[in-house]
Amino acid sequence: MHQEMFCLARGIEAIRLMEGDNQRETSFERSDVLRRRVRSNQRPKLKRVRSARKGFEKFQIFEDDVNSIKNKYLKEYWKYVNRMKMMKIKTKTAKKNVDYLQMKTRNDVKSENADDKTVPWMLRWKYRRIHPVCDIRIQQVDGGFFERFGSLFKEQAELVEAQEQIEKKKVAEAAAEVAPEKIDDENFDEPAPTVESDEVSVSSTDTEAEVEKDPTQLIHTAWNIDELYSEVLYEILHNVGCDLSFEIGQTSLFSYAQDAFKISNDKHKHLMEVAEKKEAPDLMINVEVIEAKELHPKDSNGLSDPFVTLYLASNASRKYNSSVKPMTLNPTWEEHFALPIQENATDDTLCLEVWDFDPAESVKEKLGKVFDVKGLKGMRKLVKEIAVTATTGQHENELIGRANIPLNTIPASGMTMWYSLDKKNKITRQGVLKVRISFSSEKNNQVAEQEYRHLLRIILLHELEMSKVAPNWWFGTFSPQGAQLLTQHIAQSGLTPVEVAVCQYCVFAFIHQNHALSLTLFSNLLDRLSKPIQMGVVCDEDVKLFWDATKKLLPSCFGVIRKIRRKNINEKTKMKQVTDVLKILNHIHTLDPPTNIDLFPRAAYPWITNRIDDESNCNVPSALNDAVTKGAVDWLNHILENNKRPDESDFARLQNFIQIIHLIRSDLQKAIEFYDKLFQETVNFQYAKALYVFYQEKVTSLCEPEVRDICRNLKKIQYESTDGENAEDPLCDGTSLFELYLAVQKFATLGAGLCPADCDNFQIRNFHEWFHGGVAQWLDIAVYKALQRIEKAVELDRLTHVDNTVKYSSSAVDTLTIFYQVKVFWQQLNWPDVESCYSFIAKIIDDICRCSVFYADKMAAKVEGLGDSQNVYEKKFEITNEWCLAINNIDYVRETLEPFTNDLGMTEVIQKICDMKSPVDAQRCQQTLENVIANAIDTVRNKIIELLEVVVSKMVPSMRRLLVEGAELCEQDCNSIDRLMMYVDNNLGTLHRELNEENFSRTLSIVWDTLALTLKEIIQTNVDKRRPPSFFANLRKTLNLMMGSFKNPNEYDSCDVLSKTEQLLRIHGMETGDLIHEVHKNMQKKFKETTESPYGEISVRAKFQDTSLTVEVMNASNLMAMDWNGSCDSFVRIHLLPDHKFLSIEKPKTKTHNKNQFPLYDEQFTFTLTCDQRQIEDGLIMFSVKDKDLLGYNNRYIGEAFLAFSEIEDTMQYIGCLPQTHLLLDRASNSILASEEMRALEQRQGDKLAKEFLKKFKQRMGS
Amino acid sequence: MRSNSKNTLLKVVILGDGGVGKSCLMNRFVSNQFDEHSFHTIGVEFLNKDIELDGETYTLQIWDTAGQERFKTLRTPFYRGSDICMLTYAVDDKSSFKNIEMWRNEFLNYADVKENGQFPFIVVGNKSDVPVEEREVSQLELETWCNENSITSCIETSAKSASNVQEAFKMAVQYWLRLESRADKIDPGVNDTVDLKKKHSDNRSSCCTGSSE
């Protein structure tokens, strides 16, 4: 066993040597987070390289596949060919087969290749969509400005998050590892893996005097060692029970004891003899030296260092000494002694002497040395030295006084008495001494306990020295010999387990002050003790001892809490320690410390802050809270000290904050993961929350003023200096600023999650306000950068499709990338305040809209001039793909505006405003945002239309020329028409292919509108040039041909201008006769619509039979009075129209009926028509009712009426049986005169027919 | 929704102390409504309104800002790119009148306009409907101040009684036109760098589409 221990110790030593270097580092290392950050920066690169390599490998594999497939087919092919050859069958089928095989080979390979090409393209596209990547050259415009804030930023945040997850996992694992150990605590038999000197760990942060010890406690150890030693020897000799195994012989126990007590051989021999002679005493007198009062001062300082010597007069050589109480006149000892008495003891006397301890070197001076004493060994030596000095009497001690108590004065039941102290030849009283005296057959319990405590201490110190157990690792295992001695003592003294536990607790706590023991030891002891103490089973004295020990133990417990962040202990051990500490604290708290004991003396706990006045009103929870806070304070100071900023630049300041917040957060994270549950479960203490409350205040007071300051002083961007690189980027701190923002945001979120109830009271809650100015500034600058980028993107755009699946080019994607980055930035910000959130969104939307408009402008400028070509004969414009792409680009950007704004979280913000303010406010805000968007979309749409108009206007000259050419050369040269058709077809074809439906139809309508205007112009010029109707007819033909070539014939129906123009062309294209007839037809239509007439009415009948037309003019009524006499002399003339088709037909008239406004004509006329004439569909009969002039020269028109051929029945019936047709008379009016037809006639200046008609028409109007 | 025709777009910013009636002015102008109990504007508000002047149609994009100090950082970003700035005060509130200068400076500071003094500011004294005894700023004071600060356009309005509201905006556009025509004469060239300041002349067209004659 011993051997084993030794081995272990050696092993430990070896480990210590190995790990020495690491351990010697400062106890707080720069946090993991930092290292993690560094690592995280490298990691993605690695990953990328790795994935790239993977891709490459994949590709190779793929290539191999292709090759193998190729080979396979080729082999097959050749096999086949060979077989064919061998069989010498050169039939067609064979060839076909070969071809087939060849084809198959080719196709398969091709299809594989095709997949290879398309898949990555698709992927790349998809990738772009989700994660737009900007052209590097565009990024260079502003040094990746947007990426820094957008995606990269997000990626970074995500990475950090991922790292944290990993870290969390690690922590969880560590926690899980610790957990099972809790179960088999008892078997915790592992050797200490690391041994480090306590001094190193303490030195870094420990400045307070935790080492400060109550000197009196040391004196307490001053015990009569020889007495105890002989007692031990006696116990070894008189072993009880069969515990003494064969392996451990008496000899080994003796030598162990001698070593432990550091007894010289001579002395051992002597004491051995004493012990051998010693017999079990029959009767003992138990003396408890309690206290003394009003002792006579002996020292120069007016005090004494008293100790008590007691002995029986019959055996004066056997003296028992109490410990020395330095510098007091009212000492309290409370020490127990058991003195054996002889048979004839009745006349014996108990002598009590109080001495002033005053050696050459006083105890006091020696105690002074305690502070110099280092390590266990030295400590032990000193204690012994004091004890020896005090007991052997080799000193110049002065007697203060003595009391002699005859034994026969003591009652059998015992007594407690004050005795006054006398001194020979001194009359004055030397003081009083209080003792309790009783008789018993055995050792008094208290004496036994005291002995046990001493023994325990001596053995433990010895063992610790021998085995060199590391601090915090000894947890109650003695060597067999030691255990044997202790067991014997317990057995022979008859101590109860509880008493043993109290003793152990006290001794361990004492030792623990100098040599840390495993805290598990204490928590286990407390497990055993707490119940008896609560139930009051433990005697008062032991309770007092217990609390004294607790007082000694607690500082180290709180020390553990305060130094929870120390790095020099592995996590598992630390967890264990903390668990034990918390268990201990919990026990102590539940035990409810007595009020008369100050568990938290000010001297030992300088860091306890919340003391009210001088009262020691600390309790365990409040002390714990203070310990936690103090730990955090120390740690924070440590961080601040170790993270000094290199300079006072904004950048350094921000980076510094970021680092600090990261460190704090990682500490919190750790607290949450590791300890919080432990604290809450064990002592119901919200550890993480306590930390957070502290940190958030610190972070706020640390960062807020500076961040505000930085934001306030952000330089305004100088827009003028766009040309050079010299313009210093005012946002070089920008990234840091928002990195910090994110860090603080995360920190705040952590708090909200940690203590949702309190987070409203945290100062950190309003952290975003610190950054307010910064964000506003950033947005402002972002527009500027965006515009720069857009310009660059347009400049770099080669106007080719991004890929086969889309119809826009790179600059559109680049522009959207900018938007995307802005969006990501905004989403990252996750701005908490609703009101400013709304304003920012409005601003972003407005900016984005501005960018879109700007983009549209730039795009339009870019394509301007494209597609123009010129040769000797003509200047020509062709619609190119570039034009279409430009339009598509703008449209694509426009389309994304609305979804983009939705992505900004507009709806949520509006909803929040609605909840927070009022629905009215919300509605107004929404209206504003919608207005801004609608505005932008409209503006951009107008840009598109503008651009389309430009396109069309560029097409017009060519179209115009072709139209005119077509009109002039229609008959002779159809080539021209073809060319026109081709031109239109090509250009519209391009548009149709490239543009989307909406824009194409937009284009068409613009084309039609423009074309109509052009045609009108052509018509006008050519009318002016007096072109023959055939010219216009040809033009019309050309136009119709062209319109027919458009894809959608319905399109131009809606085009009013065009149909009008077409009509115009039709008119101008007509021969004069036809044109005149057209006028008449219009008149007929118009007349039919009249319901009332001032001119009168005629009644007629008409019928066709075969080719003959019979017309009966029956009467007229209400004819207008034309003459001075108020009546008229009317007749009716009948014309068949169109005139030029009925040249052979007469124009008959009725007789004149004088002075009659209601004449009855009753005349019938029959016209014999040719077949052709009968077939004229739009033929008209015109009835002209005239007033006959007396002279017959100047017949005046009363009115006219028309009857269309189509209205006349073709019947065999007698005309008299037909119903009458009543026709209202009317006259040619100005509206007819103003018609296009009349105008066209007027423009035919050289045309006789037209001239005549016009002249007559004026008459017909009645003028 | 703005009409499809392409008018000249003008960005107008209304500034002034909280409570002088900026939103009311805008609402009166745009929708001819007046709400006695309107709330504080949150950050900014935005409305469109077409206005006809000498046969030309102008689309005013009006940004109404929040006057309260706490909104300062929220409103200033909207100044940039403005064509017209309307400085408002209430005639029954002397301090709001005194602050006009501050508002002008804030605007000049954030809008980043080059030609100081050349910018079309219009000073509008709202609430002209208040009884004479409550009036704290006289028309004369207004004119004096404008003269001193070489601002040629100023007017008293009442959003409540709808007096002079349309006129105020018209006046603003006229002022803009005057400056614009002068600027065109001086600097007919179009710079082709990133024109954040938007030369109005080169990207604003006033032609119309689709009409027959």
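Remember, it's a predicted structure, so these values are computed and weren't measured experimentally. So you know, we letter chains A, B, ... as the sequences are listed, proteins then strands, and number each from 1.
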Q: Counting only heavy atoms not in B/Lys98, do more than 12 sit closer than 6.0 Å to its NZ atom?
A: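 Not more than 12 within 6.0 Å, no.
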Q: Taking atom CD of A/Gln923 as the centre, report whether more than 12 heavy atoms of other residues, nucleotides or ligands fall under 6.0 Å from it.
A: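 Count not over threshold, so no.
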Q: Looking at every heavy atom in both B/Val44 and A/Ala842, which two are closest together, and how far apart are they?
A: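 That closest heavy-atom pairing would be CG2-CB, 4.0 Å.
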Q: Walk me through whether A/Thr928 and B/Leu47 qualify under side chain to side chain contact (heavy atoms under 4.5 Å, CB included).
A: CA-CA 6 Å; A/Thr928 292; B/Leu47 284 175; 6.0 Å; no
Q: Heavy atoms only: give me the nearest A/Asn931-B/Asn48 pair and the separation to one decimal.
A: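 That closest heavy-atom pairing would be O-ND2, 4.3 Å.
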Q: Could you tell me which portion of A/Ile913 (side chain, backbone, both or neither) has an atom closer than 4.5 angstrom to a non-hydrogen atom of chain B?
A: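 A/Ile913 touches chain B through side-chain heavy atoms alone.
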Q: Could you walk me through whether B/Phe78 and A/Asp847 pass the side chain to side chain contact (heavy atoms under 4.5 Å, CB included) check?
A: CA-CA 9 Å; B/Phe78 290 93; A/Asp847 290 344; over 6 Å; no
Q: Here's a test for you: under side-chain contact (heavy atoms from CB on, under 4.5 Å), which of B/Gln61, B/Arg80, B/Lys11 qualifies with A/Asp846?
A: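 So the option named by the test is B/Lys11.
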Q: Is any side-chain heavy atom of B/Ser23 closer than 4.5 Å to one of A/Arg924?
A: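 In short, these two side chains touch, coming nearer than 4.5 Å.
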Q: A quick test of your reading: do over 12 heavy atoms of other residues, nucleotides or ligands sit less than 6.0 Å from NZ of B/Lys160?
A: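 Check fails, neighbour count at 12 or below.
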Q: To the nearest 0.5 Å, what is the distance between CG on A/Asn935 and CZ on B/Phe46?
A: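 CZ of B/Phe46 is found 4.0 Å from CG of A/Asn935.
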